[in-house]
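Contents: one structure, followed by commentary.
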Protein chains: 2
Amino acid sequence: MTALPADDVISLDPNLSARCQEPGSRALVRDVFSMTSDKWSMSVIRALNAGPVRFTHLMGDIPGISHRMLTRTLRALERDGLVSRTSYPESPPRVEYELTTLGTTLSEPVRAFIDWTHQHRPEIEASRARFDG
Amino acid sequence: MTALPADDVISLDPNLSARCQEPGSRALVRDVFSMTSDKWSMSVIRALNAGPVRFTHLMGDIPGISHRMLTRTLRALERDGLVSRTSYPESPPRVEYELTTLGTTLSEPVRAFIDWTHQHRPEIEASRARFDG
DNA sequence: CTGTATCCACCAGGATACTG
DNA sequence: CAGTATCCTGGTGGATACAG
């Protein structure tokens, strides 16, 4: 983090065949979307799949998330254009969050990833037990 | 982290349709595979796609990773059964890392995710510029 | 070359209290 | 209800030195 000023590069170039890699063709995956290093983005994306949801409701759908972190994560996703925020000027205030079109396209990969986790959990846990023992 | 003892649950249950969620059917995605919150796992997985690679070579393929972090990440992946480590008792020592069968199955989702990032980077950056301005 | 141990900075993220 | 501000801790991860 300190070493890489504004370029937290991780070599995830699709054309990275093996060894060499041209310095230009790298992708700032983590920078582009912090999901990789961020604790809550995936959960939020996932929870938003259902459609427009209110803030408080999201809190309930994402066990363990704090008030503060939900706000921050939503802001970040909004900034990236993955989530849209519409606030209805009522009293008490009502705000709804929703995946944008862009955000929806991300649901697929996220889902694939999550599904994989579900499918292989037993294997992984077995492997861990083996490794630790 | 402090709130959730050993159960860093994130509600990524595939059957989470919208609101309710049975407490049993959740997945410990982050716990099962730290990729979500871990800075380097994805990069390493990706770099290992090419086949068996030596430690030093990985260092070169993953810009910015530190000696220490590469070791730790590899250990973690090995523990999870995603990476195999074979050391050849030579001098100087030679060690090769390789994706296991299980690890290979993960390449797909990872790749999908990365591809998405590449494809939509411009949109995201545009969105950010808009948001910040 | 590969790996471990130590030290330390930084920041993600939790708890809490307070506004509109 | 939604959001912000402040404070504070734990852990991630970098730098370095050392060992086999």
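Note: hydrogens, waters and symmetry copies are ignored here, and every other heavy atom, side chains too, is used.
Looking only at side-chain heavy atoms (C-beta outward), Thr105(A) and Trp116(B) come within less than 4.5 Å of each other. A heavy-atom distance below 4.5 Å is not found between the side chains of Val83(A) and Thr100(A). Side-chain contact between Phe113(A) and Glu108(B): absent, with no pair of heavy atoms (C-beta onward) separated by less than 4.5 Å.
In terms of heavy atoms, Ser43(B) sits closest to Ile62(B) at CB-CG2, 3.8 Å. Across all their heavy atoms, Pro63(A) and Asp61(A) have their closest contact at CD-O, 3.2 Å.
Atom P of nucleotide dA17(C) and atom NE2 of His67(A) are separated by 14 Å, given to the nearest angstrom. Atom CG in Asp38(A) sits roughly 14 Å away from atom C1' in dT12(D) (whole-Å rounding). Rounded to an integer number of Å, the gap from Leu70(A) CG to dA12(C) P is 17 Å. If you take NZ of Lys39(B) and P of dG11(D), they are 18 Å apart, rounded to a whole angstrom. The distance from atom CE of Met42(A) to atom P of dA12(C) is 19 Å, rounded to the nearest whole Å. Taking atom CG of Leu74(A) as the reference point, atom C1' of dC1(D) lies 14 Å away to the nearest angstrom.
Evaluation of the side chain to side chain contact (heavy atoms under 4.5 Å, CB included) rule for Thr104(B) yields Leu99(B) as partners, not counting sequence neighbours. Residues satisfying the side-chain hydrogen bond (donor to acceptor under 3.5 Å, both in side chains) test with Glu123(A), not counting sequence neighbours, are His120(A). For the side chain to side chain contact (heavy atoms under 4.5 Å, CB included) test, residues two or more places apart in sequence or in another chain that qualify with Ser127(B) are Arg130(B).
For DNA chain C, the residues of residues 88-97 of chain B within the heavy-atom distance limit of 4.0 Å (strictly under) are Pro92(B), Pro93(B), Val95(B), Tyr97(B), sorted by number.
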Dump every N/O contact between nucleotides 5-8 of chain C and the protein below 3.5 Å, one line per pair.
unit_1 : atom_1 : unit_2   : atom_2 : d
dT6(C) : O4     : Arg68(B) : NE     : 3.4

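Closest to the side chain of Arg54(B), out of dG14(D), dG14(C), dC1(C), is dC1(C).
Of the two residues contacting DNA chain D, namely Met69(B) and Arg75(A), the nearest-nucleotide position lying further toward the 5' end is that of Arg75(A).
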Per-pair distances, 0.1 Å, donor-acceptor, side chain in residues 72-79 of chain A, under 3.5 Å, sequence neighbours excluded:
unit_1   : atom_1 : unit_2    : atom_2 : d
Thr73(A) : OG1    : Met69(A)  : O      : 2.7
Arg75(A) : NH1    : Tyr97(A)  : OH     : 3.4
Arg79(A) : NH1    : Asp132(B) : OD1    : 3.0
Arg79(A) : NH1    : Asp132(B) : OD2    : 2.4

